2 protein chains.
Amino acid sequence: MSKDNSKISISVIKRLPRYYRFLGELKANGIERISSNSLAQMMNLTASQIRQDLNCFGGFGHQGYGYNVAVLHSKIGAILGVDSKLKTILIGAGHLGNAIARHLDFEKKGCVLEAIFDIDENLMGKNICSIPIYNVAYLQEYCEKNKPVVAVLCIPKEAAQSLADSLVSAGIRAFWNFSHYDLNTDYQENVVVENVHLGDSLLTLTYRANNEI
Amino acid sequence: MSKDNSKISISVIKRLPRYYRFLGELKANGIERISSNSLAQMMNLTASQIRQDLNCFGGFGHQGYGYNVAVLHSKIGAILGVDSKLKTILIGAGHLGNAIARHLDFEKKGCVLEAIFDIDENLMGKNICSIPIYNVAYLQEYCEKNKPVVAVLCIPKEAAQSLADSLVSAGIRAFWNFSHYDLNTDYQENVVVENVHLGDSLLTLTYRANNEI
DNA sequence: GCCCTATTGTTAAAATCTTGACAATAGGGC
DNA sequence: GCCCTATTGTCAAGATTTTAACAATAGGGC
C-alpha cells in the first residue's frame, strides 16, 4: 500500500468489495488487462471515479495500458484483508444463522468461522458445515481460551445489546449484526459494527417499487 | 404527503426505514412525543439532519413541542408504503431463501409473499410458513395468472441474470437480489433492484476490523 | 391573557463526494 | 528508434449531502 490510507473515506471502502468481485470475475474469465473506461461501463460507474478510488491506495495502473486484472485484484484483496484470518464466532443457529454460516465463504473474506453458539439444548454436539455448535453458557470460557475477534449476531433483538456488551468485554472487536436492532458500541473505542438490516432493505425496495425510482 | 416527493434523494429514502424502526420502538414503549434533539441522540445523528429529512415530506412537527411519535411513525410508514400489498414471489428455497422467507415479516414491509419456487423436486408440495413451494417450471404460468410484481432471488449467481430477464418480461418490476451478482436491468425502465451483497458487507467489516475504523 | 421557553422549518455555510478535463507518459506499430 | 494512441494520475469544478444558525411560533405556566 503506497499511500497513507488513514483517511480513506468510508464511501470508497464500501465500493472496494464490489471492485474485488468484478475483478475476480474478469480474472476467472481469463481477461488480463482492463481500462478504467471498460470497467466503468461494466460496473455502471464513471471511469473518473474508478481512477480516483484506486488512487487512494496508490498507482496500480499503467498509462496507455490500463490495469492488470490479476495485480489489481490481489492488491484490492490485500487492502481489504482477504487473507487475514480473523477468528470468528456466530451466535444464534436458527434459520438465519444457519443460512449465513453455510452461505458465506468466510475464509475468502478474511474471517475464519470457528464456533457457533445457541441456547437450544437440542443443537448441542451438532455442527454446521463441520463447525461445532456449543451452548451459549460456554461462550465466556470459549472466548478466554480462543480469543475470537469477530462475532456474527443472529439473535432476537431483545438479546442483542446485552450479549454484545459482554462480548466486548470478552474481547470481541467487530460485530456483524443481523438482529433487528442497532448495536450501540460508542462507549467503546476500537469496536466496529456492521448492522445488516434486511428489513430496512426490503422497505427501501417497497418505497422504490411504489414510486418507480 | 404534503410536498412534492419526486426529487427526494436516495440517501434520505435509505434513512427512512431506520426512523420508522426507532419510532416504532418509542411508540411500543408508550412515548408520546419526541424532539429532533432527543431522537438524534438516540439514533446517533444530528438534530438538523432529522429535521431536514422529515421536511422533505412536509411539516410533521410542532414548534416548542416536537413530534408526535404515533403520528410521525404512521406518516413515515405511509411514505414507505408499509400498507401496500405488493404481490411477492421468492425463487430459491435453499437455506438462505428459507431463512429469508421465515425471518422477514413481509406483510409489515408492504409485500405479501405468495409463492416460492425451486428446482428441487423433493420440495414440491411442501411449504414454508404455509407459503407453497412450486416447481420453477411453473413460474411463467404462475406470473401470468397472479401478476406478482416483486421477486426475491436466492439463487446461484450463474442463474440470476437470465432468470431476472424472463421475470421482467413476465411483469416483475422489483427485485430483491441475494445472489452474488449485480443484476443488470438498465435496459428496462421502471424496474428497481436492491442488491443485498452479504459478502461485500463482511469484507467491509474485515477491512474495518483490520484497520480499526 | 401574557410572557418565556422549547423546538421547529428554513436558509445559508461547510464538508464531502463525484465528475470533467488535461497534461504526462507508457506501449506498440512501423 | 520515433511517433502516435491509449489511458493513467491528478487537479479543479460541480453536485450533493450534512451541519450550523436563527427567526418564527406553538404551548404551558402563572
Side-chain angles (χ1 to χ4, degrees), chain A residues 1-19 22-23 26 31-73 75-76 79 204 213, chain B residues 1-19 22-23 26 31-73 75-76 79 204 213:
Chain A
M1 240 168 285
S2 53
K3 287 198 178 181
D4 171 22
N5 69 341
S6 65
K7 54 192 184 315
I8 307 292
S9 85
I10 192 68
S11 333
V12 176
I13 302 300
K14 285 195 184 291
R15 278 193 293 268
L16 289 184
R18 188 153 178 265
Y19 289 129
F22 273 81
L23 288 163
L26 286 170
I31 313 289
E32 267 182 32
R33 55 182 263 196
I34 190 147
S35 69
S36 58
N37 233 292
S38 349
L39 190 58
Q41 201 154 18
M42 196 177 302
M43 296 184 66
N44 242 324
L45 298 169
T46 63
S48 198
Q49 179 161 64
I50 292 179
R51 296 206 296 277
Q52 187 104 348
D53 282 351
L54 298 181
N55 266 77
C56 293
F57 304 98
F60 300 144
H62 305 285
Q63 277 145 334
Y65 170 92
Y67 299 86
N68 179 295
V69 170
V71 170
L72 190 55
H73 183 253
K75 291 278 185 189
I76 295 182
I79 292 165
T204 304
I213 61 161
Chain B
M1 237 166 287
S2 52
K3 286 196 181 184
D4 172 22
N5 68 340
S6 65
K7 52 194 188 308
I8 308 293
S9 85
I10 193 66
S11 334
V12 176
I13 303 300
K14 286 197 183 290
R15 279 194 293 269
L16 289 184
R18 188 155 178 262
Y19 288 130
F22 274 81
L23 288 163
L26 285 170
I31 313 290
E32 267 181 33
R33 55 181 265 195
I34 190 145
S35 69
S36 56
N37 231 294
S38 348
L39 190 57
Q41 200 153 20
M42 195 176 302
M43 297 184 65
N44 244 323
L45 299 169
T46 63
S48 199
Q49 178 161 67
I50 291 179
R51 295 207 296 278
Q52 187 105 346
D53 282 352
L54 298 181
N55 266 75
C56 293
F57 303 98
F60 300 145
H62 305 285
Q63 278 147 335
Y65 170 91
Y67 299 85
N68 178 295
V69 170
V71 170
L72 190 54
H73 182 254
K75 291 277 187 191
I76 295 181
I79 292 164
T204 305
I213 59 162

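This one's a predicted model, so the numbers in the text were calculated from it and none came from an experiment. Below, chains carry the letters A, B, ... as their sequence lines are ordered, and counting in each starts from 1.
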For atom [atom1] of [X] and atom [atom2] of [N], their distance in whole Å:
X     : N      : atom1 : atom2 : answer
A/R33 : C/dG27 : CZ    : C1'   : 8 Å
B/F57 : C/dT8  : CZ    : P     : 18 Å
A/Q41 : D/dT7  : CD    : C1'   : 15 Å
A/N37 : D/dG9  : CG    : P     : 14 Å
A/I34 : D/dT7  : CD1   : P     : 11 Å
A/F60 : D/dT7  : CZ    : C1'   : 17 Å

Check your understanding: Are any of the side-chain heavy atoms of B/Q49 and B/D53 separated by less than 4.5 Å?
Key ->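 Contact flag for B/Q49/B/D53 side chains = yes.
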
How many angstroms lie between atom [atom1] of [X] and atom [atom2] of [Y], to the nearest 0.5 angstrom?
X     : Y     : atom1 : atom2 : value
B/I34 : B/Q41 : CD1   : CD    : 10.0 Å
A/L39 : A/L72 : CG    : CG    : 8.0 Å
B/R18 : B/N44 : CZ    : CG    : 7.0 Å

Point to revise | With sequence neighbours excluded, residues passing side-chain hydrogen bond (donor to acceptor under 3.5 Å, both in side chains) with B/N68 | key: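 Once residues adjacent in sequence are excluded, B/N68 has no partner under the side-chain hydrogen bond (donor to acceptor under 3.5 Å, both in side chains) criterion.
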
Exercise for review: Write out all pairs satisfying salt bridge (charged side-chain N to carboxylate O under 4.0 Å, His left out) with one or both partners inside residues 59-72 of chain B, taking only residues at least two apart or from two chains.
Suggested key: none

Exercise for review: May I ask you to list the residues of residues 61-71 of chain A, by number, that have any heavy atom positioned under 4.0 Å from an atom of DNA chain D?
Suggested key: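 DNA chain D contact set from residues 61-71 of chain A: A/G61, A/H62, A/Q63, A/G64, A/Y65, A/G66, A/Y67.
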
Practice item. Could you tell me which non-hydrogen atom of B/T204 sits nearest to which non-hydrogen atom of A/I13, and how far apart they are? Key: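 What the structure gives for the nearest pair is CG2-CG2, 4.2 Å.
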
Practice item. Using the side-chain contact (heavy atoms from CB on, under 4.5 Å) rule, take B/H62 and B/V71 through it: C-alpha gap first, then chi angles, then the decisive distance, then the call. Key: CA-CA 12 Å; B/H62 305 285; B/V71 170; over 6 Å; no

Exercise for review: Please step through side-chain contact (heavy atoms from CB on, under 4.5 Å) for the pair B/I79 and B/Y19, ending with a clear verdict.
Suggested key: CA-CA 12 Å; B/I79 292 164; B/Y19 288 130; over 6 Å; no

Review point. How would DNA chain D look in dot-bracket form, 5' to 3', counting Watson-Crick and G-U wobble pairs with both distances under 3.5 Å and writing | for bases paired to another strand?
Key: ||||||||||||||||||||||||||||||

Point to revise | Worked check of side-chain contact (heavy atoms from CB on, under 4.5 Å) between A/F57 and A/V12 | key: CA-CA 10 Å; A/F57 304 98; A/V12 176; 4.1 Å; yes

Check your understanding: Between C/dT10 and B/N55, is there an OP1 or OP2 to side-chain N/O distance shorter than 4.0 Å?
Key ->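 Yes, such a contact exists.
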
Review point. Nucleotide by nucleotide, 5' to 3', does protein get under 4.0 Å of the base (B), only the sugar-phosphate (S), or neither (-) in nucleotides 13-20 of chain C, counting heavy atoms?
Key: ----SSBB

Review point. What pairs with B/R51 under side chain to side chain contact (heavy atoms under 4.5 Å, CB included), at least two apart in sequence or on another chain?
Key: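 For B/R51, the residues satisfying side chain to side chain contact (heavy atoms under 4.5 Å, CB included) (neighbours in sequence not counted) are B/S36, B/A47, B/Y67.
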
